[in-house]
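Before any comments, here is the structure.
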Amino acid sequence: MARFIRDILATLSHEPAGRGPPDQQALSRLDQRLAPFADKGPGSRGTISIQPDECSVWDGNPRDQPGLTADGCRSLIDSIASEGGNRIPVLVRLNPPGSDRPYQLLVGSRRRFAVDWLNHNGRPEMRLAALVVDLSDEEAFRLADIENRERADISELDRARSYQHAVERFYGGVQSRMAEALTLSNSQLSRLLALAQLPEEVVDAFATRDELRVRYSEILTPLLRRPDQRVRIIAEARSIGEQQQELAREGGRMLSPATVLARLREAAMLQSVEEGRDMAIIAGGARIGRARPGRSGGLTIDLNISEDADLDELLARLRETIVAARAAPVMP
């Protein structure tokens, strides 16, 4: 079994997605390789049958365990219920002697969650089909990554944070070693690690962590490197986060990722009125004009608006600019 799994590690990352019979093309590449083990049910080819609470979840898995919900796993729960068990076995390894549970789950968090949910909701007889493997932590991390990087419900932030943890834990802090092991380019890995390093205030400014993208960190990371811009970005992020919480409480429409990103960029580029410099006006992620404070307290605004501009967002940005100018001291 261990040799089979290591063969998967050696070949899977080089195979294009969607290979295999047509009825398996909806599966991840790892699932396709594991599917034959479940063809004859638990007990065949090394498959065992366990209860979900017999295994703890390995802390190196990138999936956000608290984020698993019955609604988010509904199609999987229904599928497992109709088939009488999980068609694709999970991968576990033995826990060290003295552990509270005999097994440690390496791959298959959603399947474990689904069977556990069914056990507590009318199907107590349901068991989890599992394969016991003998892998090192680094091998287990690569195997989980192979599966999870193809899952749409793994957020880019969760994946990035798991990489940040793994580069120190498994690769001695050497990014190039990790990139080679995962068949990623150094630039791809660097961009993911930059996402993981965004301040928590910035993460909380977005309605959900699922909305954060690597491309956002590519925009914000250079701005965050300058101390003065970092202070303004974090202050604006806190303000946005509070606004998002208020909208959530009131059942209102949360601010879109594009709006959040535009406001953070605007905060970074905003030059202090005290210095008499222009204030950039940014909407839809682009600069659409400027506001120039006058010495007598007035404000001159120049705009360059396209025909398809979002007027609601434009008016909101103008209001924020006027409020900021009024709050600043008048130039002598």
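Using a 4.5 Å heavy-atom cutoff, the side chains of Q229 and L224 are not in contact. Between L212 and L198 there is a side-chain heavy-atom pair separated by less than 4.5 Å. A 4.5 Å side-chain heavy-atom check between R225 and P222 finds at least one atom pair inside the cut-off. The shortest side-chain heavy-atom distance between L182 and Y163 falls under the 4.5 Å cut-off. When side chains are defined from C-beta on, R191 does not count as touching S217, because their heavy atoms never get closer than 4.5 Å. Inter-residue side-chain proximity for V214 and Q188 is flagged as unmet; no heavy-atom pair is nearer than 4.5 Å.
A donor-acceptor contact shorter than 3.5 Å is absent between the side chain of R93 and the backbone of V132. When atom types are taken as modelled, the side chain of E168 and the backbone of H165 share no donor-acceptor pair closer than 3.5 angstrom. Of the possible donor and acceptor atoms, one in the side chain of R232 sits under 3.5 Å from a partner among the backbone N and O of A268. Judged purely by atom type and a 3.5 angstrom limit, S99 has no side-chain atom pairing as donor or acceptor with the backbone of N95. Proximity of a side-chain donor or acceptor of R87 to a complementary backbone N or O of I80 within less than 3.5 Å is not detected. In this structure, R209 contributes its side chain and F206 its backbone to no donor-acceptor pair below 3.5 Å. Without hydrogens or angle criteria, N119 side chain to M126 main chain gives a donor-acceptor distance under 3.5 Å. A donor-acceptor pair under 3.5 Å links the side-chain atoms of E54 to the main chain of Q51, judged by distance alone. With hydrogens and angles ignored, the 3.5 Å screen pairs no side-chain donor or acceptor of S79 with any backbone N or O of S75. The closest donor-acceptor contact from the side chain of R177 to the backbone of Y171 lies under 3.5 Å.
Salt-bridge annotation for E200 and R161: present, with a side-chain N of the basic residue lying under 4.0 Å from a carboxylate O of the acidic one. Comment: E138 engages R142 in a salt bridge, judged by a side-chain N to carboxylate O separation of less than 4.0 angstrom. In summary, D116 and R112 do not engage in a salt bridge, as defined by a charged side-chain N under 4.0 Å from a carboxylate O. With salt bridges taken as basic N to acidic carboxylate O contacts below 4.0 Å, one links R169 and D137.
The shortest heavy-atom contact between F113 and C73 is CD2-SG, 3.9 Å. Scanning both residues, S109 and L68, for their nearest heavy atoms gives O-CD1, 3.9 Å. Considering all non-hydrogen atoms of both residues, F141 and S162 come closest at CE1-O, 4.1 Å. Nearest heavy-atom pair across A237 and A205 is O-CB, 3.8 Å. Closest of all the heavy-atom pairs between L192 and A160 is O-CB, 3.1 Å. When every heavy atom of P257 is checked against every heavy atom of Y216, the shortest pair comes out as CB-OH, 3.4 Å.
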Handout entry: Trace of the side-chain contact (heavy atoms from CB on, under 4.5 Å) decision for L91 with Y103
Key = CA-CA 10 Å; L91 298 183; Y103 304 105; over 6 Å; no
Practice task
Please report the C-alpha distance between S49 and L128 in whole Å, then the side-chain angles of each, then the deciding distance to 0.1 Å, and finally whether the side-chain contact (heavy atoms from CB on, under 4.5 Å) criterion is met.
Solution key: CA-CA 6 Å; S49 179; L128 188 65; over 6 Å; no
Exercise for the section: Please report the C-alpha distance between R238 and E201 in whole Å, then the side-chain angles of each, then the deciding distance to 0.1 Å, and finally whether the salt bridge (Lys or Arg N to Asp or Glu O under 4.0 Å) criterion is met. Expected result: CA-CA 6 Å; R238 288 180 180 141; E201 294 90 346; 3.3 Å; yes
Practice task
Check the pair L105 / W58 against side-chain contact (heavy atoms from CB on, under 4.5 Å), numbers first and verdict last.
Solution key: CA-CA 6 Å; L105 183 78; W58 179 51; over 6 Å; no
Problem - side-chain contact (heavy atoms from CB on, under 4.5 Å) between V92 and L106, worked out - result: CA-CA 5 Å; V92 301; L106 303 179; 5.9 Å; no
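No hydrogens or angles considered: a donor-acceptor pair under 3.5 Å links the side chains of S155 and D158. Side-chain contact of S56 with D100: a donor-acceptor pair under 3.5 Å is absent, judged by distance alone. In the model, Q243 has a side-chain atom that pairs as donor or acceptor with a side-chain atom of R263 under 3.5 Å. If you check the side chains of S256 and T259, you find a donor sitting under 3.5 Å from an acceptor.
Heavy-atom neighbours of R226 CZ from other residues, nucleotides or ligands within 6.0 Å: at or below the threshold of 12. For E180, the CD atom sits in a loose shell: 12 or fewer heavy atoms of surrounding residues, nucleotides or ligands are nearer than 6.0 Å.
Atom OG of S82 sits about 12.0 Å away from atom CD1 of I77, to the nearest 0.5 Å. Taken from CZ in R159 to CG in D145, the straight-line distance is 5.5 Å, to the nearest 0.5 Å. How far CG of L118 is from CD of E125: 8.5 Å, rounded to the nearest 0.5 Å. We find the CD-CD1 distance between E83 and I88 to be 8.5 Å, quoted to the nearest 0.5 Å. Here the straight-line distance linking atom CD of Q244 with atom OG of S239 works out to 10.5 Å at 0.5 Å rounding. Atom CD1 of residue I219 and atom CZ of residue R213 lie 13.0 Å apart, to the nearest 0.5 angstrom.
Residue L220 is not grouped with residue I234 when hydrophobic side chains (ILVMFWY) are merged at heavy-atom distances under 4.5 angstrom, including chains of intermediate members. Linking Ile, Leu, Val, Met, Phe, Trp and Tyr residues whenever their side-chain heavy atoms come within less than 4.5 Å leaves V231 and V202 in two separate clusters. Clustering ILVMFWY residues whenever any of their side-chain heavy atoms sit less than 4.5 angstrom apart, transitively, puts V260 in the very cluster that holds L247.
For the pair R123 and W117, the cation-pi test (distance below 6.0 Å, angle within 45°) is failed.
The salt bridge (charged side-chain N to carboxylate O under 4.0 Å, His left out) check on R127 picks up nothing, with sequence neighbours excluded.
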